[in-house]
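Before any comments, here is the structure.
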Amino acid sequence: MALIIKPDLEHARPWREVFLETLPEQECREWDRPGDPEAIEYAFVWAPPSGALKTFPNLKCIFSIGAGVDHLLKDPDLPDGVPIVRMVEPELTQGMTEYVTMHVLRFHREGPALEAQQRDRVWNELIVPTAPSRRVGFLGFGVLAQDSARVLNALGFDLACWSRTAKTVDGVQSFRGADGLDPFLARTEILVCLLPLTPETDGILNAGLFAKLPRGAWLINAGRGGHQIEEDILDALESGQLSGATLDVFRSEPLPKESPFWAHPRVTVTPHIASVTQQKSAVEQVAANIRRIEAGEAPLNTVDRVLGY
Ligand code: NDP
Ligand code: OXD
């Protein structure tokens, strides 16, 4: 019986060696050499072609190489009844916390304005408030956002979150559901999107949402490009409703060369690297889950196919 791997993220490195070392009891097959499909019990994949997973009749679990599972759930032929496990691993979490903290601090400390002043050789002593008077809000408050909030809380930021279910986390004001969105936005100066992409969150970063933020707010989107209506971001920057945006994800990736985001003076573009699944710790999580399944236990971090995350 075997595990098949399809690790073709932009930044994929050889995973097979790590699987062989960490999980020697499983034969590890590469995607382009699957052998007998009946032998495949586990799949560790990023964006498999539609219908491909259905060709493995004895699949016991599908592991997503990323935290997001939109790349799997868009497959209309995904095999029914097979659990899907999303990636939760400490180094992926740590990487996102570093990214979010860096870009929140950059906006908070007026980094873009100071960089512009330097370019123009302007000595203007910008006064910035300290963290307790800066209101940061998380759209989505799962594994990744909660760890970022832990660090921003230690720095003293005034934090809030918006999620489907209410949260009780020290130092973070919780807003939930449709009714909670407007008051959450009204108090948020730096908006960090760490939502999963689902039918409910598709296009959520739009003109209507930006209009509910305080004028001159900042946006950081490290969720998915599908969350953002890109023309609305450009319009909000043009009107001053948004002061700046840091975007790690885009509707079309790689971001096309002609995209206006590349050269926009108030946009920071990063190439979907806010955080990257790290091989060793990711394979350890997968191995632990496979051993749970083999022992008759349910895997951890399974996805609710109806909710879409
Ligand atoms: P989680 O599943 O742990 O958290 C998702 C959060 O979103 C939860 O708080 C959930 O609410 C909330 N949510 C989902 N749907 C809704 C909704 N309709 N309304 C309100 N809140 C909602 O995910 P992670 O934190 O692990 O990851 C988040 C996303 O980050 C991934 O799905 C992926 O798209 C993105 N990502 C991007 C990376 C990058 O490099 N740019 C790297 C890794 C991930 P509740 O808690 O109530 O369930
Ligand atoms: C993820 C990603 O979902 O890298 O983990 O985008």
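Just so you know, ligand 1 is whichever comes first in the structure, and atom 1 is the first atom listed for that ligand.
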Have a look at His227, Arg164, His272, Arg224 and point out the one with the heavy atom closest to atom 34 (O) of ligand 1. Arg224
Run the numbers for me: atoms of ligand 1, each under 4.0 Å from some heavy atom of Ala222, listed by number. 35 (C), 36 (N), 37 (C), 38 (C), 39 (C), 41 (N)
Below 4.0 angstrom from a heavy atom of Gly68, which ligand 2 atoms are there? Numbered from 1 as shown, please. 1 (C), 3 (O)
Which of the ligand 2 atoms, numbered from 1, are nearer than 4.0 Å to a heavy atom of His272: 2 (C), 4 (O), 6 (O)
May I ask which of Pro196, Gly225, Ala274 has a heavy atom nearer to atom 5 (C) of ligand 1 than the others do? Pro196
Side chain Gln173, main chain Gly137, donor-acceptor under 3.5 Å: no
What I want to know is whether Ala145 and ligand 1 share at least one N or O pair that is separated by under 3.5 angstrom. no
Working to the nearest 0.5 angstrom, can you tell me the gap between Leu247 CG and His272 NE2? 12.5 Å
Is the ring pair Phe261/Phe250 parallel, tilted or perpendicular, if the boundaries are 30 and 60 degrees? tilted
Hydrophobic cluster identity match, Phe184 and Leu159, side-chain contacts under 4.5 Å: no
Looking at atom 35 (C) of ligand 1, what's its closest protein heavy atom, distance included? Gly223 O, 3.6 Å
Do Gln278 side-chain atoms and Glu91 backbone N/O form a donor-acceptor pair below 3.5 Å? no
I'd like to check whether Leu144 has a polar contact with ligand 1, where a contact means an N/O of the residue lying under 3.5 Å from an N/O of the ligand. yes
Take every heavy atom of Gly66, measure it against each atom of ligand 1, and state whether any distance is under 4.0 Å. no
d(Glu110 CD, Ile127 CD1) to nearest 0.5 Å is 11.0 Å
Any N or O on Leu92 sitting closer than 3.5 Å to an N or O of ligand 1? no
Just by distance, no angles: are the side chains of Ser50 and Asp77 close enough, under 3.5 Å, to form a donor-acceptor pair? no
Residue pair Tyr42 / Glu294, side-chain donor-acceptor N/O under 3.5 Å: yes
Give me the residue, atom name and distance of the protein heavy atom closest to atom 38 (C) of ligand 1. Met96 CE, 3.4 Å
Does ligand 2 come near enough to Ile65 that some N or O of the ligand is less than 3.5 Å from an N or O of the residue? no
Spatial distance of atom CD1 (Ile40) from atom CZ (Arg29) [nearest 0.5 Å]: 4.5 Å
Heavy-atom distance to atom 12 (C) of ligand 1: which of Val69, Leu195, Leu194 wins? Leu195
Please check: side-chain N/O of Arg106 versus main-chain N/O of Gly111, any donor-acceptor pairing under 3.5 Å? no
Less than 3.5 Å between some nitrogen or oxygen of Gly140 and one of ligand 1, yes or no? no
Tell me the protein heavy atom at minimum distance from atom 15 (N) of ligand 1, and give that distance in Å. Tyr309 CE2, 3.6 Å
Please check if the side chain of Lys6 supplies one atom and the backbone of Ala47 the other of a donor-acceptor pair under 3.5 Å. yes
So, regarding Thr165 and ligand 1 (criterion: nitrogen or oxygen to nitrogen or oxygen, under 3.5 Å), is there a contact or not? yes
If we only count N/O pairs under 3.5 Å, is Ala67 in contact with ligand 2? yes
Counting non-hydrogen protein atoms only, what is the nearest one to atom 41 (N) of ligand 1? Give residue, atom name and distance. Asp248 OD2, 2.8 Å
Do Thr201 and Tyr309 get their side chains close enough for a donor-acceptor pair, meaning under 3.5 Å? no
Part of Glu200 with heavy atoms under 4.0 Å of ligand 1, whether side chain, backbone, both or neither: side chain
Donor-acceptor contact present, side-chain Asn301 to main-chain Arg86, <3.5 Å: no
What about Asp70: any of its N or O atoms under 3.5 Å from an N or O on ligand 1? no
Donor-acceptor pair, Arg224 side chain versus Val249 backbone, under 3.5 Å? no
Does ligand 1 have an atom under 4.0 Å from some heavy atom of Trp162? yes
Please list the nearest protein heavy atom to atom 4 (O) of ligand 1 with its residue and the distance rounded to 0.1 Å. Gly142 CA, 3.1 Å
Okay, side chain of Ser133, backbone of Thr130: is any donor-acceptor separation there less than 3.5 Å? yes
For Arg224 and ligand 2, does the shortest N/O to N/O distance drop below 3.5 Å? yes
What atoms in ligand 1 come closer than 4.0 Å to a heavy atom of Lys167? 45 (P), 46 (O), 47 (O)
For ligand 2, is there an atom lying under 4.0 Å from some heavy atom of Arg86? no
With a cut-off of 4.0 Å, which atoms of ligand 1 are near a heavy atom of Ser163? 9 (O), 11 (O), 20 (C), 21 (N), 47 (O)
Side chains of Lys167 and Thr165: donor-acceptor distance under 3.5 Å anywhere? yes
By number and element, which atoms of ligand 1 are closer than 4.0 Å to a non-hydrogen atom of Arg86? 1 (P), 2 (O), 3 (O), 23 (O), 24 (P), 26 (O)
Is there a polar contact, in the sense of an N or O pair closer than 3.5 Å, between Thr201 and ligand 1? no
